Every structure is written in C-alpha cells, then in structure tokens.
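If you're wondering where the values come from, they're calculated on a predicted model, not measured in any experiment.
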Amino acid sequence: MAVRALFAGACNGDLQGLFKKVSKVNAKNGPFSVLFCVGNFFPQSGPEEDSCEDIKVTSVLESVEDAPVDTYFIGGYGRGSELGLAALQSGDRNITYLGRSGVVDVKGLSVAFLDGIYDGDRFCDEDPVCSRYYTRKDVADLKEKVNAWEGDIDILLTCEWPDGILKGLAKGAAEGLPEINGSGPISEVAAMVRPRYHIASDAPVHFPRPPYVNPDLGAGSHVTRFISLSPLGIPKQKPLIALQLTSAADMDPQMLHMLPPDSTDFPYGPKTLRNPKRALETEAFPAVQAVNPQLQFPALIQGLPTLPAAQNLMPPPLANQVAQFVGQSNFQPGLIEASPNPCVIIVPSSNPLIPSVNPQFQNVQNFGGGVSGVDLMGRMQVVGHSQSQLGETGGVMSGGKRALGYESRAGLSDNYSRDLNHDGQESWRWQQPKRLKTVKPSRGTPGVVKDRRKTCFVSGLPLSMEEADVKDHFSRVAEVTSIYRGTNAEGKINSWAFIQFESVEAMRQACRELNNSDFGGCDLRVEPASMKDRNDMRNPNKPVDGCWFCLGSDSSDKGLVASVGAECYIAMDKGPISSDHVLIIPTSHHCNTLHMPQGCYTELCGYISALRSMFAASGRSLVAFERFLRLKRTGGSHCIFSVISIPAEKEAEAKKTFMNMCRSHGLDLMCVENKEGQVMEREEVLDLVGDEEYFMALMPDGTRLVRPVTRMDRLPVTFGREVLSLLVGKPERTNWKICVGSEEEERARVERFRKTFAPFDIMNRGGDEDKNEN
C-alpha cells in the first residue's frame with residue numbers, strides 16, 4: 001500500500017509557519033499520512049543556547065495539541081531545544097523526535113536517520129556533551145541497526161549533504177549550486193544504508209539529484225534519489241515536497257531494481273562501501289621502492305662470490321624465490337639486494353642476470369635499459385634500473401618524486417630488518433605484516449546504569465583482546481557489570497577502556513590487584529575513573545545567568561521566597577497546585593540532592609522535617625518529588641524539591657498512584673525504604689541511579705520511589721506534577737502556567753504561609769532542626 005508523505009527542510013523554529021504551510025498543502029492535495037522534517041527544527045544558535053528558552057517555540061509546542069499531519073523530525077538542536085524536546089515528551093502529541101540515530105518503521109516505511117552535524121573535534125567523543133554533533137558511536141549504532149534490519153531501507157534522513165554527492169553528474173547539472181562541504185561520515189552512511197530516498201537540508205536550495213546506481217552486492221542494483229530541501233522562508237525555493245511511496249518490501253523486485261534512463265554512476269569512493277576491495281595492483285605492488293646497494297649497503301655485499309651467500313642475508317621466503325628464478329652461475333657480487341617491499345628484488349640494469357629471467361614473467365617493460373616483470377601469481381617483481389634513475393641515496397625516481405626506500409640501517413622497514421640471533425650473530429628477521437583480527441567495540445551492558453564510583457580506567461589493553469577476554473581477566477578479582485571500550489579516529493579499537501564493577505569496593509580491589517599486572521604480554525594500568533562531577537560542572541557559588549532559582553541571580557523571583565536558610569530556601573511555587581505547594585531549593589546552583597554538599601543536604605532535610613510537622617498539625621501528610629535533568633550549559637537543572645500536602649487518609653494511595661502512573665510510561669519505580677542516617681540514604685539511591693538523570697518521590701512514611709532516566713527512557717518532565725495534581729484531586733493544574741496568579745495573590749499567599757510555617761521554621765529554632773530526616 002502506497003504511503004503519501006510530506007518532507008520539509010529546516011524550519012529553524014518557525015513551527016507555526018511550517019504547520020500552516022502543511023495544513024494548506026494537506027487540505028489542497030491531501031490527505032497525507034506523515035510529515036518528515038530534516039535540518040534545524042529549532043532556531044539556529046550556538047551550542048550554548050540549546051538549554052535557553054525560546055518563547056516562540058515553547059508557546060507553539062504548548063498551544064498546539066496536534067500537528068496537521070503526524071510529524072517525525074531530526075535536527076533536535078538549537079535555541080530552546082532542550083526545553084522544547086522536554087515539552088514534547090510531556091504531552092501526547094503527534095510530533096515525534098526520532099533521536100540521534102537509528103532505524104524505525106513509520107507507516108510501513110523503513111526510515112533510517114542520523115541527527116546532527118559533523119565536527120572533527122567532537123566526532124570521536126565517547127561521551128558527547130552537545131547533542132548537535134553526531135559522533136562515531138552514533139554512526140556505528142546506525143550501521144549496526146541497519147545491518148540488523150530485514151529488507152531495504154526506504155528513506156535516509158540527515159541534516160547534512162554527503163561528501164561527493166555531486167560527482168558523476170552531467171556537465172551543468174550542478175550549475176548555480178552554492179559551494180557545499182559535504183560530510184564524509186554521511187557519504188559513508190549513505191553508501192552503506194543504500195536508501196531508496198536520501199533527504200537532507202544543508203543548503204539554501206532545493207536540489208533533486210538524478211538517481212545514482214548502488215553497487216550490486218548480490219541481490220541486484222537499485223537507485224538512490226538524493227533530494228535536498230531548502231529551509232523554510234527562502235524565496236523561489238522548495239522547502240516542502242510530497243512523495244507517494246511504496247515500501248521496498250511490498251514492491252515487485254523488477255520495479256525495485258529498474259534503473260531510470262537518467263541514472264548516474266555511484267558517486268562515493270570505494271572506501272564507503274560495506275566490503276571495499278582493493279585493486280590487485282595496489283595490494284601486491286605499491287610504488288616501486290628501491291635502493292642502490294653499492295651506495296647504501298657496501299658492507300652487506302662485499303666479498304659475496306655466490307648467490308647462497310647473498311641468500312643468507314635475505315628472509316628465507318625471498319631467498320627461495322630468488323633461487324627459483326635466478327641462476328647461480330651468472331651471479332656477480334654486489335649486484336643483488338632486497339627492497340623494503342618483500343615482493344620486490346632490485347638489480348642494477350648492468351647485471352647479466354637480467355636476460356636469464358625465468359620465462360614465467362610476463363608484461364616485460366623497459367626501465368632505462370633494464371626490464372620489469374610480474375609473475376602470473378603476483379608474488380614477485382624484478383626491476384632493472386640504470387644509474388640515472390637513482391636518487392642521491394639510491395631511491396628510484398618515480399614521476400619526478402623519490403620513492404620510499406631504506407633510510408639507514410638503524411631505520412629499516414618494519415617488514416624487513418636485521419637483528420642479532422641467539423648466538424650474537426647478525427641475521428635477517430622476516431616480519432610479514434600481520435592483519436590483526438577485528439575487535440568489536442564494547443558499548444556497555446544494556447540495562448546497567450553508568451556509575452563512575454564503581455568504574456576504573458584501564459590502559460595498555462592488547463589490541464587483539466576482545467570484550468570476553470577483558471571481562472574474564474578482570475572477573476578473577478571482582479564481578480564486572482559493564483565494559484565501555486571505543487575506537488579511535490581511524491576506527492581501530494582503543495587500548496584503553498572503562499570497566500564498571502558491582503560495587504565501589506570491588507572497583508578498588510581491582511585497582512589494587514591488577515594495576516601493573518600482565519595481560520597478554522602488556523602491562524596494565526588500572527586506576528579509578530575520574531570523579532570530576534559532571535552534575536555540578538561550574539562554580540556553585542557563582543549564580544548561573546538566567547537561572548530562575550539561583551537566589552543571587554537577577555532572574556529569581558524573590559517575592560515568592562518564604563524562608564531563607566544558610567544553604568537552602570523555601571519559595572512558593574509560581575504555578576501552585578494547592579495553597580501549600582512549596583519548593584525547597586539550594587541557594588547555589590547544585591544540580592541534585594545526591595551530589596550537593598553534605599551541609600546543604602542536611603539543611604534541606606531539616607526543611608522537609610519542618611514541613612512534615614506543619615502538615616501533620618492540620619491532619620495532612622507530606623509528599624514531595626525531585627526530577628534531575630542534565631543540561632549541557634550548566635551541568636544540570638537547578639535542584640528543586642517540590643513539596644505538597646495530601647489528606648492523611650490518602651497516604652497509602654500516594655505510593656500506588658506513583659507506581660501505576662510510571663508503569664503507564666513503560667517504566668517501574670524502585671523503592672528505597674526509610675533508613676536512619678542520611679549518608680546511607682543517599683548512597684543507596686546513588687547505587688540505583690549512578691550518573692544518570694533520575695526521578696525521585698518522597699512518600700509520607702519516608703520511603704523514596706526512584707527511577708534512573710536513561711537516554712532510552714521516555715518519562716515526561718512533568719510526571720511528578722501530574723501525580724501530585726491527581727493526589728489532591730486537581731488534574732487540570734498539571735500545567736503550571738495556567739496556575740499563575742497575580743502579584744497581589746502571590747504576596748497574600750506568601751504571607752499566609754510564613755505565618756503558618758513560623759512555629760516550625762528551622763531558622764526560628766536556633767538551628768535545632770532534625771538532621772536525621774525520616
């Protein structure tokens with residue numbers, strides 16, 4: 001069944017303009033089933049503005065319940081993107097961010113995607129801090145998912161053009177196009193994915209390239225149609241196109257492999273293919289390498305009257321080949337030598353051996369009076385050359401450039417060198433280049449939460465050791481839960497890795513027992529992973545510009561503050577669910593309760609205890625929650641502990657409601673029972689969430705419900721507020737913006753709370769707050 005699909009270029013945050021245009025096209029030519037957007041979905045900006053709020057974008061996302069057509073987009077970066085993506089997650093809209101890379105089924109079409117743009121300095125980052133740049137891991141993840149996907153890929157979505165896409169076009173076909181620097185990784189992805197359509201938006205033009213023919217990998221060739229869409233608002237350019245597509249799985253094979261008459265050759269180089277094959281001549285015979293033995297190695301050739309004496313100076317395989325093709329009777333001393341390439345033997349053109357070269361050699365050519373021949377198997381090459389072809393140090397001149405050769409006895413080729421044998425005599429050591437087995441990178445164990453406290457950094461790993469080998473070696477000391485070992489810029493496996501254990505003590509034991517140990521002939525260096533806190537990157541004593549909750553920031557609403565302690569303060573919620581809805585906030589920009597200083601945490605617990613006592617005096621119970629979000633610019637959101645009271649008879653209902661609501665998002669909350677002592681309380685939660693984002697709710701009995709939120713989880717940022725609204729019977733107050741009152745109402749609410757809270761306020765009790773909050 002055919003799918004009617006729309007494709008749009010970068011809207012740069014003009015969502016209202018995009019949806020208006022789509023509605024018009026859908027009404028006139030529809031109905032369409034789906035809209036795919038590529039390029040900047042949010043306003044263009046620098047990386048530092050991703051975490052800022054863009055009122056235009058957020059207002060559209062919050063006001064629009066549904067897009068006119070089911071919408072899927074990449075380009076999830078730009079000003080306000082972090083808050084915009086969070087807003088999309090919080091609602092049940094038909095606007096979906098596809099993610100960083102992957103393959104999905106949309107309306108029966110197989111859609112591969114790679115979000116972001118290329119940056120050479122960030123491409124090899126193992127743990128990227130900016131979502132706008134794709135990394136080697138994103139590319140590798142996409143390839144892995146494509147390989148696992150059954151059938152052909154219908155659509156590939158990227159923000160950038162692939163490098164080389166204009167190659168093979170007829171003269172004038174690319175006339176008028178701006179200069180575009182395509183991306184090498186994108187061309188590599190396009191060559192590997194082999195989509196039927198490749199849609200991008202990297203230039204201010206609409207450019208439908210003639211289809212190119214993908215190489216036949218055994219199941220037949222088909223074409224790829226590359227289409228570049230202009231951004232929204234460019235005069236005389238198309239930002240929107242419509243296609244009627246039938247999935248490759250539903251197409252007749254003859255139709256799928258039909259080649260249109262305007263098809264061009266494959267535009268990407270051989271390195272971009274899945275299984276590139278080198279040409280025979282480049283595999284067996286690189287540029288001719290030679291030396292003049294009489295100039296560079298007189299000590300090796302003087303006084304050698306026979307060929308066997310010369311053969312003793314050669315690697316055995318090469319000596320055997322020389323014996324097969326050259327007669328000993330005509331050998332003259334000083335006229336034979338081996339080049340750095342083990343397949344090449346060099347003899348001066350005056351050598352009388354040349355005429356007697358074995359007739360198996362074919363394609364004889366003149367080289368300044370000498371001859372060159374290659375046997376049918378490509379195993380050996382004999383080159384004769386005249387003195388005029390030698391450089392000052394004996395290197396053959398090829399195309400006006402000196403070819404590579406021996407530079408000195410101390411710098412012999414890796415493939416062919418001299419060394420001392422066990423008897424102390426000089427002998428040749430044959431070092432054929434060994435092809436290392438391909439070791440796959442280790443991306444961590446699925447379902448294991450990253451935790452730096454339990455992780456050690458290991459360097460000096462043998463390149464031939466696979467994940468199972470590494471795990472076996474370290475498991476002799478303690479249980480290994482996850483291994484992360486990536487690749488370098490050339491795609492080769494790293495000699496270092498991060499290894500996570502079941503506990504902090506297990507990690508320390510591994511460092512003690514395995515540091516400087518031998519593993520596969522290599523000395524390992526094992527040490528604790530860096531404990532630099534990613535959750536608290538900047539100086540907490542310096543307010544973050546624009547933060548609403550740093551008490552020293554100009555953006556904070558100090559009129560809502562009801563009580564100020566040494567390191568925390570209580571403020572009324574700007575959009576309260578109920579009259580006693582308050583926030584406990586650290587005065588400095590600490591990102592969460594698990595990593596804030598102990599003194600700050602102690603004071604926060606004191607405020608919780610005071611609020612619990614105040615609510616209990618009126619027959620009510622305390623419920624609270626915290627949601628930690630990781631933000632690139634500040635390390636994380638400002639820690640906020642949102643507190644509200646519920647009727648005491650609903651205590652049992654609170655836990656059940658949180659559990660059921662979380663399960664509706666496909667996730668489960670974990671219980672941390674109330675324990676005496678703050679350190680144990682935080683440590684137990686840390687064991688569950690590690691370095692991930694998390695949600696944590698505090699129940700009336702002190703139990704904490706915890707959930708780490710990984711990149712694969714979809715828990716709305718408004719989840720905690722949704723549950724609190726249900727518990728107090730006001731589900732309509734989930735959106736805080738519709739709950740904002742006037743300044744006069746805010747002042748009155750603050751005064752009422754201060755008066756009620758005064759007898760319980762820890763700042764009025766001389767510091768006798770309960771430091772062991774239950």
Q.
Can you tell whether the side chains of Asp115 and Arg132 come within less than 4.0 Å, N to carboxylate O?
A. no

Q: For the residue pair Phe266 and Asn214, establish whether any side-chain heavy-atom pair is separated by less than 4.5 Å.
A: yes

Q. Salt bridge between Asp691 and Lys450, side-chain N to carboxylate O under 4.0 Å?
A. no

(Q) Tell me whether Arg4 forms a cation-pi arrangement with Phe32, defined as NZ or CZ under 6.0 Å from the six-membered ring centre and within 45 degrees of its axis. (A) yes

Q: With rounding to the nearest 0.5 Å, note down the distance linking OH in Tyr133 to OH in Tyr77.
A: 9.5 Å

(Q) Quick check: do Arg721 and His581 have side-chain heavy atoms less than 4.5 Å from each other? (A) yes

Q) Quick one: OG1 on Thr264 to CZ on Phe226, what's the gap to the nearest 0.5 Å? A) 12.5 Å

Q | Closest heavy-atom pair and its distance - Gln237, Ser230 | A | CB-OG, 3.3 Å

Q: Specify the closest pair of heavy atoms between Gly102 and Leu142, including all atoms of both residues, with the distance to one decimal.
A: O-CD1, 3.3 Å

(Q) Between the side chains of Arg196 and Asp152, is the shortest nitrogen-to-carboxylate-oxygen separation below 4.0 Å, so that they form an ion pair? (A) no

Q: First locate atom CG of Leu715, then atom SG of Cys662, and finally report the distance between them rounded to the nearest 0.5 Å.
A: 5.5 Å

Q: Considering only NZ, NE, NH1 and NH2 on the basic side and carboxylate oxygens on the acidic side, decide whether Asp141 and Lys145 come within less than 4.0 Å.
A: no

Q: For Gly486 and Arg443, work out which heavy atoms get closest and say how close.
A: CA-NH1, 4.2 Å

